[in-house]
Amino acid sequence: MSISHAPPGSSGPDMSPISKDGPSDRAASGPGHAAHAAPELEPIVPASTRRARVPRWLRRTSGPLLLLALWQLLSSTGVLTPDVLASPGTIARVGRDLVTDGSLPGAMGVSLQRVAVGLLLGTLVGTGLALVSGLFRIGEDLVDASVQMLRTVPFVGLIPLFIIWFGIGETPKVAIITLGVSFPLYLNVYAGIRGVDSQLIEAGESLGLSRWGLVRHVILPGALPGAMTGLRYSLGIAWLALVFAEQINADAGIGFLMVQARDFLRTDVIVVCLIVYAFLGLLADFVVRTLERLLLQWRPTFTGR
């Protein structure tokens with residue numbers, strides 16, 4: 001059967017692409033005709049999948065390994081003398097000796113305890129003040145101005161006052177870490193609370209949620225991403241504050257090892273302590289990022305390509 005596009009009663013030729021030939025004639029026309037009639041479609045492949053895949057762990061470790069190789073090369077050629085900076089091999093041997101005699105594990109335990117107590121207290125103070133200031137206007141009027149003034153004061157500059165107030169024991173060390181941790185958490189939790197969409201609040205009220213229900217089911221989940229970001233910042237500042245805190249007449253801890261190494265010009269021990277600080281900070285950040293992925297599964301985000 002053929003469908004003609006010519007006007008009725010016209011004697012002109014049929015211009016329809018559908019031939020008058022039957023199925024047998026079309027089949028006999030050969031594969032070339034079928035290729036023109038039904039072109040093949042190629043799937044679209046994203047450019048990111050066409051690139052050669054390199055394992056992510058290899059990409060992440062390539063930078064530190066190249067830096068380590070350059071460091072060893074400069075030490076081997078004499079550009080970096082042991083008095084300036086010890087070679088990676090020397091630092092590895094010293095680190096092994098410190099672990100073997102138990103001085104490094106003991107110092108790590110003391111430092112971790114100080115960071116844990118300071119982080120706990122700073123989290124309670126910073127989050128509590130942010131909740132008061134973020135949820136209540138009167139709380140914002142009473143709290144926010146004072147916190148904004150205090151956070152501009154370098155917490156390191158308060159060390160002399162803390163020594164006068166608390167002595168030279170553990171209290172000033174923990175107080176410095178607590179103060180350094182509080183402000184990033186306060187700022188991020190406060191911003192997270194005030195950044196909750198007002199339409200979500202209106203939707204919750206229309207569903208009959210009470211004030212506590214709004215806080216529990218709408219405001220706090222909305223502020224959780226900001227709180228996790230603030231916790232990551234606070235962990236970084238906690239290790240920074242620990243370095244300063246352990247310079248206050250410390251008799252144990254990683255900072256105490258650094259002070260002793262400084263007195264004896266032991267750059268190898270100093271570098272070992274710095275590497276321990278870096279790895280502890282990296283481990284703490286990994287824990288927080290894992291916790292963030294678990295708590296924020298409901299929020300899909302862009303993870304890069």
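For the numbers below, each heavy atom of this structure counts, side chains included, while hydrogens, waters and symmetry mates do not. Just so it is clear, the model here is predicted, and its values are computed rather than measured.
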Got a second to check how far Leu68's CG is from Leu73's CG, nearest 0.5 Å? 11.5 Å
Can you tell me how far OG1 of Thr127 sits from CG of Asn188, rounded to the nearest 0.5 angstrom? 10.0 Å
Using a strict threshold of under 4.0 Å (side-chain N to carboxylate O), is an ion pair present between Lys173 and Glu246? no
I would like to know whether Leu242 and Trp239 meet side chain to side chain contact (heavy atoms under 4.5 Å, CB included); could you show each step before the answer? CA-CA 5 Å; Leu242 178 68; Trp239 292 108; 3.7 Å; yes
Checking Tyr277 against Ser111: is there a side-chain donor and acceptor pair closer than 3.5 Å? no
Is Thr77 reaching over with its side chain to a backbone N or O of Leu74, donor-acceptor style, under 3.5 angstrom? yes
Are Val287 and Leu291 side-chain neighbours, meaning at least one heavy-atom pair lies under 4.5 Å? no
Please indicate whether Gln113 has more than 12 foreign heavy atoms, meaning atoms of other residues, nucleotides or ligands, lying under 6.0 Å from its CD. no
Once salt bridge (Lys or Arg N to Asp or Glu O under 4.0 Å) is applied, what residue pairs with a partner in residues 192-210 remain, sequence neighbours excluded? Glu140-Arg194
Does Leu187 reach the side chain of Arg151, with side-chain heavy atoms less than 4.5 Å apart? yes
CD1/Ile138: more than 12 non-hydrogen atoms of other groups inside 6.0 Å: no
Test side chain to side chain contact (heavy atoms under 4.5 Å, CB included) applied to Leu220 and Leu131, step by step: CA-CA 9 Å; Leu220 291 183; Leu131 291 175; 3.9 Å; yes
Go through the steps to decide whether Leu214 and Leu200 satisfy the test side chain to side chain contact (heavy atoms under 4.5 Å, CB included), and finish with yes or no. CA-CA 9 Å; Leu214 286 174; Leu200 295 177; over 6 Å; no
Are any of the side-chain heavy atoms of Ile177 and Leu121 separated by less than 4.5 Å? no
Hey, could you give me the CZ/OG distance between Arg216 and Ser210, rounded to the nearest 0.5 Å? 10.0 Å
Answer with yes or no whether the hydrophobic clustering places Val125 together with Phe183; edges join I, L, V, M, F, W, Y residues whose side-chain heavy atoms lie under 4.5 Å apart. yes
Looking at OG1 of Thr171 and CD1 of Ile163, how far apart are the two atoms once the value is rounded to the nearest 0.5 Å? 12.5 Å
Give a yes or no on this: more than 12 heavy atoms of other residues, nucleotides or ligands lie within 6.0 Å of atom CZ of Phe166. yes
Test side chain to side chain contact (heavy atoms under 4.5 Å, CB included) on Val143 and Tyr190; report intermediate values, then the result. CA-CA 11 Å; Val143 173; Tyr190 174 80; over 6 Å; no
Is there a donor-acceptor contact under 3.5 Å from the side chain of Ser133 to the main chain of Leu129? no
Do any N or O atoms from the side chain of Ser206 and from the backbone of Ala203 form a donor-acceptor pair under 3.5 angstrom? yes
With sequence neighbours left out, the residues meeting ring pair (Phe, Tyr, Trp, His ring centres under 6.0 Å) with Phe155 are none
With a 4.5 Å cut-off on side-chain heavy atoms, are Leu185 and Thr123 touching? yes
Look at the aromatic rings of Trp165 and Phe162 and report parallel, tilted or perpendicular, splitting at 30° and 60°. tilted
What's the spacing between Ile176 CD1 and Phe244 CZ if we round to 0.5 Å? 9.5 Å
Does one hydrophobic cluster hold both Leu280 and Phe286, with members joined at side-chain heavy-atom distances below 4.5 Å? no
Would you tell me whether Arg232 and Thr229 have side-chain atoms, one donor and one acceptor, within less than 3.5 Å of each other? no
Is it the case that one hydrophobic cluster holds both Trp71 and Ile270, taking links as side-chain heavy atoms less than 4.5 Å apart, direct or via other members? yes
Which value, rounded to the nearest 0.5 Å, describes the distance between Arg262 atom CZ and Cys273 atom SG? 12.5 Å
Find out whether Leu274 and Met258 are in side-chain contact, i.e. whether some heavy atom of one side chain is under 4.5 Å from a heavy atom of the other. yes
Do Leu119 and Phe279 share a hydrophobic cluster, counting only Ile, Leu, Val, Met, Phe, Trp and Tyr and linking them when any side-chain heavy atoms are less than 4.5 Å apart? yes
Quick one: does Leu150's side chain get under 4.5 Å of Tyr186's, heavy atoms only? no
Do you reckon Ile275 sits in the same ILVMFWY cluster as Leu112, going by side-chain contacts under 4.5 Å, direct or chained? yes
Contact between Leu104 and Leu257 at the side-chain level, heavy atoms closer than 4.5 Å - yes or no? yes
